[in-house]
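When a ligand or atom number is given, it counts from 1 through the structure's own listing order.
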Amino acid sequence: MRLLDRQDNVFEEIAAIHYVSFGPLERAPNGILRNIFDTATVFVTYSPDMKRVVAFAFLTEKLGEPYVWVVATHENYRGQGFAGHLLDEIETFVRAMNAATGITLTVHVNNAGAQRLYLEKGYRVLRFLTNYYGSNEHGLLMRRPL
Ligand SMILES: CC(C)(COP(=O)(O)OP(=O)(O)OC[C@H]1O[C@@H](n2cnc3c(N)ncnc32)[C@H](O)[C@@H]1OP(=O)(O)O)[C@@H](O)C(=O)NCCC(=O)NCCS
């Protein structure tokens, strides 16, 4: 679902998932994460009992195009289609805005699991981003044409 009410407790759950999901090179400092949370279009999925956030994604804009700034799923809930569902929701949301011709995101070259998911969802590698995450830590810019 798209989050309309930016409660602090939701941010705290998101920050906790984010913290354990990314290593120090990819992880954003909490202040930056909070800033993006406050300004992005935020998508969240709750557990079936609605008690906790299990996956989230932030949609922002980069170079005039919708940009998936982050997507992550709580480690206990991975492999159940949650991130894929969020990417579908994002695509539906962007299509409904009727303005964009694509959605982009960046992924670490070694993050094969995420890349497989993005390929399944129609994202294709647009550019190799040398040292994007730090020295010898390269990224891939991927784009889903709409
Ligand atoms: C990458 C990440 C977001 C994927 O989240 P996820 O919710 O597990 O993703 P999905 O379940 O939608 O898809 C992952 C896999 O589960 C499979 N899957 C989807 N629905 C499924 C279901 N109902 N049952 C079993 N498997 C399923 C998908 O086919 C996919 O399989 P694959 O790995 O063979 O491609 C998650 O691993 C994560 O948070 N990683 C750490 C943070 C990260 O790297 N984020 C991306 C940064 S760019």
Side-chain angles (χ1 to χ4, degrees), residues 1-3 6-7 9-96 100-146:
M1 63 178 282
R2 188 157 71 94
L3 196 67
R6 284 162 221 260
Q7 297 163 349
N9 64 319
V10 175
F11 173 73
E12 277 153 26
E13 288 189 63
I14 284 174
I17 297 171
H18 175 264
Y19 188 82
V20 295
S21 294
F22 294 97
L25 288 169
E26 289 181 77
R27 186 189 301 141
N30 229 29
I32 295 193
L33 193 71
R34 177 76 215 201
N35 190 262
I36 307 288
F37 173 77
D38 287 338
T39 53
T41 307
V42 176
F43 293 81
V44 292
T45 302
Y46 286 92
S47 55
D49 62 8
M50 295 298 283
K51 283 195 173 151
R52 66 185 306 175
V53 173
V54 296
F56 72 94
F58 293 175
L59 182 70
T60 61
E61 208 183 276
K62 193 169 187 170
L63 302 173
E65 274 206 334
Y67 180 78
V68 181
W69 194 83
V70 65
V71 54
T73 300
H74 187 291
E75 52 193 351
N76 295 349
Y77 293 85
R78 289 183 188 161
Q80 298 177 43
F82 287 119
H85 179 72
L86 286 177
L87 292 172
D88 290 343
E89 274 194 83
I90 286 174
E91 186 178 324
T92 303
F93 174 80
V94 169
R95 282 187 189 279
T101 57
I103 306 169
T104 53
L105 55 79
T106 311
V107 60
H108 195 289
V109 275
N110 295 339
N111 194 345
Q115 286 168 34
R116 207 167 39 231
L117 174 66
Y118 300 147
L119 287 168
E120 272 173 27
K121 293 295 174 188
Y123 288 78
R124 296 292 176 262
V125 176
L126 201 63
R127 205 170 303 146
F128 187 89
L129 302 172
T130 307
N131 296 330
Y132 182 81
Y133 293 102
S135 174
N136 229 11
E137 303 287 343
H138 311 304
L140 298 175
L141 181 68
M142 298 185 78
R143 183 173 188 270
R144 160 90 173 123
L146 297 179

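- Residue, atom and distance of the protein heavy atom nearest to atom 33 (O) of ligand 1 are Arg116 NH2, 2.9 Å.
- Selection from Gly23, Gly79, Gly84 by nearest heavy atom to atom 17 (C) of ligand 1 gives Gly79.
- Each of the following atoms of ligand 1 lies closer than 4.0 Å to a heavy atom of Thr106: 48 (S).
- Protein heavy atom in closest approach to atom 48 (S) of ligand 1: Tyr118 OH, 3.1 Å.
- Arg2 places no side-chain N or O within 3.5 Å of a backbone atom of Thr41 that could act as its donor or acceptor partner.
- Here the side chain of Arg124 pairs a donor or acceptor atom with the backbone of Leu119 at under 3.5 angstrom.
- Ranking protein heavy atoms by distance to atom 13 (O) of ligand 1, first place goes to Leu117 CD1, 3.7 Å.
- Closest to atom 36 (C) of ligand 1 by heavy atom, among His108, Arg78, Glu120, Arg27, is Arg78.
- Between Arg52 and His74 the shortest side-chain heavy-atom distance falls below 4.5 Å.
- For atom 3 (C) of ligand 1, the closest non-hydrogen atom on the protein side is Ala83 CB, 3.7 Å.
- The shortest contact between atom 45 (N) of ligand 1 and any protein heavy atom is with Val71 O, 2.9 Å.
- Residue-ligand proximity, Ser21 to ligand 1, at heavy-atom distances under 4.0 Å covers atoms 41 (C), 42 (C).
- Residue Thr73 approaches ligand 1 through these ligand atoms, each under 4.0 Å from one of its heavy atoms: 5 (O), 6 (P), 7 (O), 38 (C), 39 (O).
- At a 4.0 Å heavy-atom cut-off, ligand 1 does not touch Trp69 at all.
- In terms of protein heavy-atom proximity, atom 47 (C) of ligand 1 is nearest to Phe22 CE2, 3.6 Å.
- Those atoms of ligand 1 that come under 4.0 Å of a heavy atom in Gly81, given as number and element, are 10 (P), 11 (O), 12 (O), 19 (C), 20 (N), 21 (C).
- Between Arg95 and Thr92, the closest side-chain pair of non-hydrogen atoms is not below 4.5 Å.
- Taking 4.5 Å as the limit, every side-chain heavy atom of Ile17 sits out of range of all side-chain heavy atoms of Tyr77.
- A donor-acceptor distance shorter than 3.5 angstrom exists from the side chain of Glu89 to the backbone of Met1, with no hydrogens or angles considered.
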- Carefully, step by step, assess Leu141 and Arg143 under the rule side chain to side chain contact (heavy atoms under 4.5 Å, CB included). CA-CA 7 Å; Leu141 181 68; Arg143 183 173 188 270; over 6 Å; no
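- For the pair His138 (side chain) and Asn131 (backbone), a donor-acceptor distance under 3.5 Å is present.
- For the pair Glu26 and ligand 1, the shortest N or O to N or O distance does not fall below 3.5 Å.
- Applying the side chain to side chain donor-acceptor pair (under 3.5 Å) test to every pair with at least one member in residues 10-24, sequence neighbours left out, gives these pairs: Ser21-Arg78.
- Near Asn111, meaning under 4.0 Å from one of its heavy atoms, ligand 1 places the atoms 43 (C), 44 (O), 46 (C), 47 (C).
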Let me have the donor-acceptor pairs involving side chains of residues 53-63, under 3.5 Å, with sequence neighbours excluded, atom names and distances please.
| unit_1 | atom_1 | unit_2 | atom_2 | d |
| --- | --- | --- | --- | --- |
| Thr60 | OG1 | Tyr67 | O | 3.3 |
| Lys62 | NZ | Tyr132 | OH | 3.4 |

